[in-house]
Amino acid sequence: MPEKPYDHNRIELKWCERWRDGSLFRAEDHSTKPKYYLLEMLPYPSGTLHVGHIRNYTIGDTLARYKWMRGYNVLHPMGWDAFGLPAENAAIANQRHPREWTLENIAYMKRQHVRYGFSYDWTREISTCEPEYYRWNQWFFLKMLERGLAYRAKALVNWCPACATVLANEQVVNGCCWRHEDTPVEQRALEQWFLRITAYAEELLRDLDKLEGGWPERVLTMQRNWIGRSEGAEIDFRLVGSGKPIRVFTTRLDTIYGATCVILAPEHPLAEELVPPQEQARLKAMIDERARRDPGDLVKEGLFTGHFAVNPYNGEAIPVWIGNFVLMGYGTGAIMAVPAHDERDFEFCTRYGIPVRPVIRPVDGKLPDPAAMQGAFTEDGICENSGEFSGLPSAEARRRMTEKAERECFGKAAVTYRLRDWGISRQRYWGTPIPVIHCAECGIVPVPEHELPVVLPLNVQITGRGRSPLETVPEFVNAPCPRCRRPARRETDTMDTFIDSSWYFYRYCDPHNRQAPFDPQKIAYWFPIDQYIGGVEHAILHLIYARFFTKVMRDLGLVKNDEPAARLFTQGMVIKDGAKMSKSKGNVVSADETAERYGADTARLFVLFAAPPEKDVDWQDAGVEGMYRFLGRVYRFVTRNVDRLGQAASGEETEADRRVRRRLHQTIRKVTEDFETRWHFNTSIAAIMELVNELHASEAELSPPVLAEVLEKLVLLMGPFAPYVAEEMWEELGRAGPVFRQSWPSYDPELAREELAEVVLQVNGRVRSRLLVPFGVPREELERQALADDKIRSYIAGKAVAKVIVVPDKLVNVVLKG
RNA sequence: GCCCGGGUGGCGGAAGCGGCAGACGCAACGGACUUAAAAUCCGUUGGGCCGAAAGGCCUGUGCGGGUUCGAAUCCCGCCCCGGGCACCA
């Protein structure tokens, strides 16, 4: 039969049509098969997919298809992170309603997903902007409110002038907004809703150990740093005169005999009281300057209050300062400055002429000379000039000093975290309404559960300026107080959209439940997520919130697992012309055009082949052509050989039969190993290409039964990578699909084994010759043969052999004297 | 500044463990097919040198040292690139 041309559009559209409804990929909620929950981070429906998105989903889809073939009951869902600011911005720019804009994007992007053949169970699709979904955001909020995990407080919060809303700490990057990288974040004092994530700080930190091995070390480290646990002590310094305590936090209590001043954050409650009238203006200036928070280059500045406070250990009265580098939000907002042993204190104190007093010496050295010090000595050592603690090593001193503080009631051991509570109020429209009502009589009253969802009204004016858009909708704002029924006002802020993505993966297990966010039994079956896949940019934000939600849900009795995802994989980006693909850079390669021109299979193959999935890849059109050529080559080979397959074997098995079959079994072994270990699909695909090259070279000599075996297994191997052309070839071979429901081919180690070992012969470590021998030749025999080799002998001639290194089946190295 | 990654041909990358560096693909070049081109197929391709050729020699994995019979791989010291954290007391 003549070969058929590789018409990717014909093939792909044919199978795409048959797979369209997604019922093929449906996961069973109960099954005798082992379950596998595979999840890719849900996308924001920004408009259209580019090949960068394609890469993320291709990695997941390849794995999903492999797991199906290994006999798993695979849950592979997809949904939409549909609330968020871009919809509002689009609304302002094009006079479109955010909902309309969002739904249109979702419809378009879903078509693109389907076009690429991704194996999602679309019956479980969710969209976070639908009341059926966000009502459970509100429900969780009420549960947290009941438990004191949600609270309202006036606090200094991060304000992005470009977004015209508040940001969580996690959303501030280098002092700027995470969405507006050159817009500095301002500090404003506002009444806000917070979730008490700090209540779980210790557990969030501790449980990172459980994720060891399953999550990238890098992500675990980032989370550990973000939580930022430090152990130390809180100590009271009493003001001379009033006796009022100033509580400081320190991790270096062992250095306290070297404290030469106390420094308060400008926002510290005592600051205004202590600063003399003529300096109040400077204090205000300091606070304002920091509110504008120019990242990095803040010069350490201070001002002396004129007051003194007493070091409880040595009774010394030391000056109290205000310092712009002391943070109100960390520890107690006040520090003791020990310039001899802390770099920042050193810089501050030398600037203002405050004495430097060393009290720690290196274990094997002398106490530093303060006059000669160029910087602080910050390591642990031995205490000196520290009263009863002199001579103790730092760690021991800290322990004993803490005991003394507790005994004499002027301080205690303390642990502080860098992690802050999660500010979730947003002064925006397109988000989940916070379900509370402000009543003049009753105060803040939660909306009763049976009244959920509080539906986001659709008739709203969005200007992007001023206050929360919902304030302009009287039908929404005016509501009776659930408690006293008198007229009251609804909360008009909406929730941070990171709430939506903190629990969506539970909803996939039971997406149509109207009574509850989900049925706990279904969760018990599917959880934890076996493999979560997403970008490393969410290492802190989304992934710490998701872990927090899981712990809260566990404490509510809804789930049994402590962690949402057993394994996390962070894939690299797709780079074009040296930059991440983005509309603003104008370097976007459209998923549609690529599918049209080369086909989804080619695009999928290329993004997998170009680099291992954890690394960034460069998009190069020329490279894509290569993948297209490869698929065409395979397809044509199969179609022109189909007729031969049924023929009987004509006599003996040929040398080519053995060689190609050996290569086949080696390839299955290689690809299987890649799936089971590192996911280096670039090497899997290279191995398949080598098999195909071997097939081409031996095409005429292959006997029909071997050819049939090789083609069948080749198609199965290609199934996870290039599902369309694999399905078409499977049909050409006369087999019934779908490919991803066939069993993954197994390999026979005997057939995969090479017949002869190639042993490299070296002289002084340089390859000079080689030997083909059966496997398992003993060392002595290898050595004998090596020394008998003509080439080797010519190198040895006239010289003495010092020794011979033999690595069986691999190498003989003859080392010469001199 | 601190903490992680990473530097291999013209390019993307390969070489789980210290044992043939450069698999596979791209690009380039040569050839076949074609009136011609495209497509396809076959071949060459790290650099340098010797040779008419077969072939041979030297050199080579960011730089400098070290360990070893043998180093892209291990150790020490640097340089460069990417990412994270950055007054967290």
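Residue numbering restarts at 1 for every chain, and letters A, B, ... go by the order of the sequence lines.
- A donor-acceptor contact under 3.5 Å links the side chain of A:Glu758 to the base of B:C20.
- Residues satisfying the salt bridge (charged side-chain N to carboxylate O under 4.0 Å, His left out) test with A:Glu231, not counting sequence neighbours, are A:Arg229.
- Seen from the ring of A:Phe348, A:Lys300 does not count as a face-on cation partner, given the 6.0 Å and 45° thresholds.
- Distance from the side chain of A:Ala686 is smallest to B:C24 among B:G13, B:A21, B:C24.
- Protein atom CG of A:Leu811 is 14 Å distant from nucleotide atom C1' of B:U68, rounded to whole Å.
- Here A:Glu217 lies out of heavy-atom contact (under 4.0 Å) with every strand.
- Rounded to whole Å, atom P of B:A86 lies 18 Å from atom CD of A:Glu343.
- The side chain of A:His696 has B:C42 as its nearest neighbour among B:C42, B:C69, B:G13.
- Two rings, from A:Phe630 and A:Phe609, have their centers 6.0 Å or more apart.
- Nucleotide B:A14 holds its C1' atom 17 Å from the CZ atom of A:Phe681, rounded to whole Å.
- The 5' end of RNA chain B is approached more closely, in terms of each residue's nearest nucleotide, by A:Val536 than by the other of A:Met328 and A:Val536.
- Nucleotides B:G47 and B:U40 are separated by 26 Å at their P atoms, to the nearest Å.
- Along RNA chain B, the nucleotide nearest to A:Val815 and the one nearest to A:Lys615 differ in position, and the one closer to the 5' end is contacted by A:Lys615.
- Across the P atoms, B:A71 and B:U59 are found 12 Å apart, a figure rounded to whole Å.
- When heavy atoms are screened at a 4.0 angstrom cut-off, A:Thr677 is found touching no nucleic acid atom at all.
- The phosphate of B:A15 (OP1 or OP2) has a side-chain N or O of A:Arg678 nearer than 4.0 angstrom.
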Quiz item: Where each pair must be Watson-Crick or G-U wobble with both distances under 3.5 Å, what dot-bracket representation of RNA chain B is obtained, with crossing pairs in [ ] and other-strand partners as |?
Solution: (((((((..(((......[....))).(((((.......))))).(((((....)))))..(((((..]....))))))))))))....
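- Base orientation of B:C33: anti, the glycosidic angle falling outside 90° of 0.
- With rounding to whole Å, A:Phe325 atom CZ is found 8 Å from B:C87 atom C1'.
- Residue A:Val767 has its side chain nearest to B:A21 when only B:A89, B:G84, B:A21 are considered.
- Out of B:G19, B:C42, B:C20, the shortest distance to the side chain of A:Val807 is found at B:G19.
- Rounded to whole Å, the separation between the C1' atoms of B:C85 and B:G10 comes to 38 Å.
- Partners of A:Glu537 under the salt bridge (charged side-chain N to carboxylate O under 4.0 Å, His left out) rule, at least two apart in sequence or in another chain, do not exist in this structure.
- In terms of phosphate contacts, A:Arg766 brings no side-chain nitrogen or oxygen within less than 4.0 Å of OP1 or OP2 of B:G60.
- Using P as the reference atom, B:C69 and B:G64 are 23 Å apart when rounded to the nearest Å.
- Nucleotide B:C87 holds its P atom 17 Å from the CE atom of A:Met286, rounded to whole Å.
- Side-chain rings of A:Phe346 and A:Tyr352 stay apart, their centers remaining 6.0 Å or farther from each other.
- Distance, A:Glu694 CD to B:C24 P: 11 Å, rounded to whole Å.
- Put simply, CD on A:Gln223 is 21 Å from P on B:C3, counting in whole angstrom units.
- If you check every strand for non-hydrogen atoms under 4.0 Å, A:Arg768 touches sugar and phosphate atoms only.
- Proximity of A:Arg636 to A:Lys4: side-chain heavy atoms (C-beta onward) are nowhere separated by under 4.5 Å.
- Taking atom C1' in both B:C24 and B:G13, the straight-line distance is 8 Å, to the nearest Å.
- At least one side-chain heavy atom of A:Tyr417 sits under 4.5 Å from a side-chain heavy atom of A:Glu202.
- Annotated as anti: B:G82, whose O4'-C1'-N torsion sits more than 90° from 0.
- Side-chain nitrogen and oxygen atoms of A:Arg218 include none within less than 4.0 Å of the OP1 or OP2 phosphate oxygen of B:C3.
- Across all strands shown, A:Pro612 has heavy atoms under 4.0 Å from sugar-phosphate atoms exclusively, and none from any base.
- For the pair A:Lys810 and B:G19, the criterion of a side-chain N or O lying under 4.0 Å from OP1 or OP2 is not met.
- Residue contacts for A:Gln762: at a heavy-atom cut-off of 4.0 Å it reaches a base atom on one of the strands shown.
- Sorted by first then second residue, the side-chain hydrogen bond (donor to acceptor under 3.5 Å, both in side chains) pairs that include residues 212-225 of chain A, not counting sequence neighbours, are A:Asp209-A:Arg224, A:Glu212-A:Arg224, A:Gln223-A:Arg547.
- Of the listed nucleotides (B:A15, B:C87, B:G56), B:G56 has the atom at the smallest distance from the side chain of A:Tyr795.
- Comparing B:U73 with B:C63, their P atoms sit 11 Å apart, to the nearest whole Å.
- For A:Arg418, a side-chain nitrogen or oxygen approaches OP1 or OP2 of B:A86 to under 4.0 Å.
- Residue A:Asn813 places its side chain closer to B:C69 than to any other of B:G12, B:A89, B:C69.
- Counting heavy atoms from C-beta on, the side chains of A:Glu614 and A:His680 come closer than 4.5 Å.
- Among the nucleotides B:A14, B:C41, B:G16, the one closest to any side-chain atom of A:Asp674 is B:G16.
- Contacts of A:Val326 with the nucleic acid, taken as non-hydrogen atoms under 4.0 Å apart, include base atoms.
- Within the 4.0 Å cut-off from OP1 or OP2 of B:G84, not a single side-chain nitrogen or oxygen of A:Asn225 is found.
- A 4.5 Å side-chain heavy-atom check between A:Ile805 and A:Val812 finds every atom pair outside the cut-off.
- Taking the six-membered ring where the residue is Trp, the centroids of A:Tyr598 and A:His8 are separated by 6.0 Å or more.
- At a threshold of 4.5 Å between non-hydrogen side-chain atoms, the residues A:Arg252 and A:Val338 do not count as touching.
- One P atom belongs to B:G16, the other to B:C49, and the distance between them is 33 Å to the nearest Å.
- Under a 4.0 Å N-O distance rule, the pair A:Arg640/A:Glu699 qualifies as a salt bridge.
- Looking at residues two or more places apart in sequence or on another chain, you find no salt bridge (charged side-chain N to carboxylate O under 4.0 Å, His left out) involving A:Arg418.
- As rounded to the nearest Å, B:A72 and B:G7 have C1' atoms that lie 11 Å from one another.
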For nucleotides 25-28 of chain B, which of its nitrogen or oxygen atoms have a protein nitrogen or oxygen under 3.5 Å away, and what is each distance?
from: B:G25; atom 1: OP1; to: A:Asn693; atom 2: ND2; distance (Å): 3.3
from: B:C26; atom 1: OP1; to: A:Arg629; atom 2: NE; distance (Å): 3.1
from: B:C26; atom 1: OP1; to: A:Arg629; atom 2: NH2; distance (Å): 2.9
from: B:A27; atom 1: OP2; to: A:Arg629; atom 2: NH2; distance (Å): 3.0

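- An OP1 or OP2 oxygen of B:C24 is reached within less than 4.0 angstrom by no side-chain nitrogen or oxygen of A:Thr683.
- Taking atom CZ on A:Phe637 and atom P on B:U40, their separation rounds to 17 Å, with Å as the unit.
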